[in-house]
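Note sheet for the following structure.
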There are 2 protein chains.
Amino acid sequence: MGLTKTDLFTVKQNEIATMLKALGHPARVAILEYLIRVDSCICGDIVDELPLAQPTVSQHLKELKTAGLIKGSIEGTAICYCVDKESVSLLQSYFAGISLQLADKEKRCC
Amino acid sequence: MGLTKTDLFTVKQNEIATMLKALGHPARVAILEYLIRVDSCICGDIVDELPLAQPTVSQHLKELKTAGLIKGSIEGTAICYCVDKESVSLLQSYFAGISLQLADKEKRCC
DNA sequence: ATTATTTATCGTAATATTGCAATATATAAA
DNA sequence: TTTATATATTGCAATATTACGATAAATAAT
């Protein structure tokens, strides 16, 4: 197989999983953090910043973009990437909600 | 390849990526949500709840456990799984921090 | 027009993931 | 002890991911 059965789960569950999967690699976490740290949304510097080859970085950027976590805009010959605030906000809300629900429960085991 | 170069990134980045990767599959998101929803941390009901075969569910549970997101305790012949509050709290803090940092920045492109 | 610069895509090798049937393990009940 | 119940492990096929060299595409500068 190797094929995720997305149709068996809710749209929301798939949405969350897709975004988290995109961040399920240290290079992509590093890219996100770099884009946030640098206050302009600088682009190909990511390649210099990361210890990975240019095609590899490009591929990671594509995955982040496909998952909706970053956006890119053409800036002359370069491309300017930046974080999609909405999607990050969505994840933030998701975990905030979960934490809230967890706070109420008292554990009966574990 | 197919091999993540974890040594090239920070411990924190790897830690976050590992947990998010574990949640990067709708079945595992569904398991987390189910464990939170059911206020006792019931175990093998997960198999009935999810539209996946028992070995598949067992495997997903293992991945969540390895990533530290859930814990399991033996309860007679059954095993009782529940969410590890600390790790969820860690993720919650992570995204809260990112959101805060993002709020300050004004976008220069995208 | 030619050349340099920047980013994307292709091709490919190594490895990982997903899913499940079959089977093993381990405890509870009879 | 035998049988039932619950969960884990093994083995395997199909597919996905990771990484990068080589190359393409697209714009800027000369």
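Quantities reported herein were computed from a predicted structural model and do not represent experimental measurements. Quick note on labels: first sequence line is chain A, next is B, and so on, each numbered from 1.
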Determine which pairs satisfy salt bridge (Lys or Arg N to Asp or Glu O under 4.0 Å) with at least one residue from residues 11-32 of chain A, sequence neighbours left out, and list them in order. A:R28-A:E63
Close residues, residues 15-29 of chain A, relative to DNA chain D [heavy-atom separation under 4.0 Å]: A:K21, A:H25, A:R28
Restricting to non-hydrogen atoms, name the atom on B:G72 and the atom on B:K65 that form the minimum distance, rounded to 0.1 Å.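 Heavy atoms only, the tightest pair is N-CD, 4.2 Å.
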Would you mind building the protein contact string for nucleotides 22-30 of chain C? One character per nucleotide, 5' to 3', B for base within reach (heavy atoms under 4.0 Å), S for sugar-phosphate only, - for untouched. B----BS--
To the nearest angstrom, how far is [X] atom [atom1] from [N] atom [atom2]?
| X | N | atom1 | atom2 | answer |
| --- | --- | --- | --- | --- |
| A:I31 | D:dA19 | CD1 | C1' | 13 Å |
| B:L52 | C:dG19 | CG | P | 6 Å |
| B:I46 | D:dT7 | CD1 | P | 8 Å |
| B:L50 | C:dC20 | CG | P | 11 Å |
| B:L8 | D:dC20 | CG | P | 8 Å |

Point-to-point distance, once rounded to the nearest 0.5 Å, from OG1 of A:T10 to CD1 of A:I16: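 The CD1 atom of A:I16 is 9.0 Å from OG1 of A:T10, to the nearest 0.5 Å.
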Run the side-chain contact (heavy atoms from CB on, under 4.5 Å) test against B:A53 and tell me which residues pass, sequence neighbours left out.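 Only B:P55, B:T56 meet the side-chain contact (heavy atoms from CB on, under 4.5 Å) criterion with B:A53.
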Checking B:E86 now: which residues fulfil salt bridge (Lys or Arg N to Asp or Glu O under 4.0 Å) with it, not counting sequence neighbours?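 Salt bridge (Lys or Arg N to Asp or Glu O under 4.0 Å) check on B:E86 returns nothing, list empty.
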Proximity to DNA chain C (any heavy atom under 4.0 Å), residues of residues 61-70 of chain B only: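 B:E63 - these, ordered by number, are the residues of the stretch whose heavy atoms sit under 4.0 Å from the strand.
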Tell me whether the count of non-hydrogen atoms from other residues, nucleotides or ligands lying under 6.0 Å of CG in A:L8 goes above 12.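 For A:L8, atom CG is crowded (more than 12 foreign heavy atoms under 6.0 Å).
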With the side chain of A:A78 defined as its heavy atoms from C-beta on, choose the nearest nucleotide among D:dA19, C:dT6, C:dG19. C:dT6
